[in-house]
Amino acid sequence: MQHFVLEQALNLLIQNGSIDIKPLESKVIRFTLVDLLPDVNFICTNNRIFVNSDTSTSSDVEIKLRPNVFFALFKGEDLTDLLRQDKIHIHGDVKTAQLLVDLLSTTELDLEELLSQYTGDIVAHEMGKTAKKIKQVVKQSPNPLEALKDGLSELLIQPKVSKKYTNSHH
Amino acid sequence: MSVTILETIPLNKPMDNTTHFGFKDVATDDKQGLVKGVFDSVAGKYDLMNDVLSFGAHRLWKRYTIASSNVKAGDKVLDIAGGTGDLAIEFSKKVGESGQVILSDINAAMLGEGRKNLINQGIFGVDYVQLNAQYLPFESNTFDCVSIAFGLRNVTDKDQALREMHRILKPGGCLLILEFSKTDSELLKKFYDFYSFNVMPKLGGLIADDEDSYQYLAESIRKHPDQETLKDMVLEAGFGFCEYHNLSGGIVALHKGIKT
């Protein structure tokens, strides 16, 4: 569900012209938040971003960091400084990594809230948190009614990635 | 620039061997005609039956599919087996006047219902093409998004159809397959089996006066590849990425493939 919300938010920002992903065209960036989120790929293509959890495929760059370092990036910490302090691990194209960090830092998503469901009382707060995320997406949408309908549909059917999905393929 | 439809390709091309039609084994060449019979029969009451049989959930599944598409203004979208046009209506709102949506179906009766629905909603910008998903009459690298909702299980050669969908998508294009799938929950499975084989055909008989077609629906769902198998098929067809999301406990799954 987090992938869906993040993907929706990023693509709304692209459509609104708030962020430009052309420099990242055709790049696949694997992103790991240690002990918090499963690995995700940001697939930048056709002037949009797909957020995907298929980690069996190759990527242009892998970024691995702890949650506190991730939030530090959002608060304006310099990527190079964090690299020097060995707080962030990047394998592959550092320039691509910098472009992604720049892109994420422009989003207005409440990412601490987004990620906190993994650390708190998940069941009790799931509905409220999802509603908050919907509100955020709706706020940024050029067509709030449609975005609200999409969000509510997503909340009602509560899609999840199957456990089987973690199995590798090809 | 609008999409060019290539030369007419026969809707019924001869093939070899046998395949399944529900739980029955039939000659591969016969399946298309049998499926046509089912949809000719149910076309007029298709939407009503979907609402009744899924308790309205099919609308939520389709809305999630649209939201997952990342389709935007100016995009070109092909909806295959689009039937009564639920997805095409929403896609047409997303692509706007600068984009293009093609609603397609192999079945003329279903396509006619779709056209009627769209016109009734005041949507006139959508194009309609009667086609076989195994032989898509479009140039390569044409579409930003190709969707097929509750249609793939009726296609005789699914691998061929997936290769065709891959071919006509642009690099970075997105394939969406919404289809009945397999639930992991034993409890849900027991309820679902009872409902599918005992309630659904009876409702089909009562409302659409066609019990056999809804018996076929239940059987065809059981014969359709499960989530992992379909994901492998999508990757085999050439897509660089594919993942799926289970909806309503896996009764339905949305597979999303990205052409790289």
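Each chain gets a letter, A, B and so on, in the order its sequence line appears, and its residues count up from 1.
In this structure, CZ in B/Phe241 is found 4.0 Å from CD1 in A/Ile43, a value given to the nearest 0.5 Å. Distance check, rounded to the nearest 0.5 Å: NZ of B/Lys72 to CG of A/Leu12 gives 11.0 Å. Summarising the geometry, atom OG1 belonging to A/Thr57 is positioned 11.5 Å from atom CD1 belonging to B/Ile258; distances are rounded to the nearest 0.5 Å. Here B/Leu254 contributes atom CG and A/Phe4 contributes atom CZ; the two are 9.5 Å apart, rounded to the nearest 0.5 Å.
Applying the 6.0 Å contact sphere to NZ of B/Lys189 captures no more than 12 heavy atoms from other residues, nucleotides or ligands. Other residues, nucleotides and ligands contribute at most 12 non-hydrogen atoms within 6.0 Å of the CD atom of B/Glu97. Within 6.0 Å of CZ in B/Phe194 there are 12 or fewer heavy atoms belonging to other residues, nucleotides or ligands. Under a cut-off of 6.0 angstrom, the local environment of CZ in B/Arg115 is sparse, with at most 12 non-hydrogen atoms contributed by other residues, nucleotides or ligands.
Annotation: maximal heavy-atom pairing with chain A below 4.5 Å, among B/Pro171, B/Ala73, B/Gly172, occurs at B/Gly172. In terms of heavy-atom pairs under 4.5 angstrom with chain B, the leader among A/Ile14, A/Ile49, A/Asn46, A/Thr45 is A/Asn46.
With a 4.5 angstrom heavy-atom cutoff, A/Asn47 touches chain B via backbone and side-chain atoms both. Proximity to chain A is limited to the side chain of B/Asp75, based on heavy atoms less than 4.5 angstrom apart.
The two residues B/Cys174 and A/Phe50 come nearest to each other via the heavy atoms CB-CZ, 3.9 Å.
Of the candidates A/Arg48, A/Gln15, A/Glu7, B/Asn70 forms a side chain to side chain donor-acceptor pair (under 3.5 Å) with just one, namely A/Glu7.
Between B/Lys256 and A/Asp54 there is no salt bridge, since none of the side-chain N atoms of the basic residue sits less than 4.0 Å from a carboxylate O of the acidic one.
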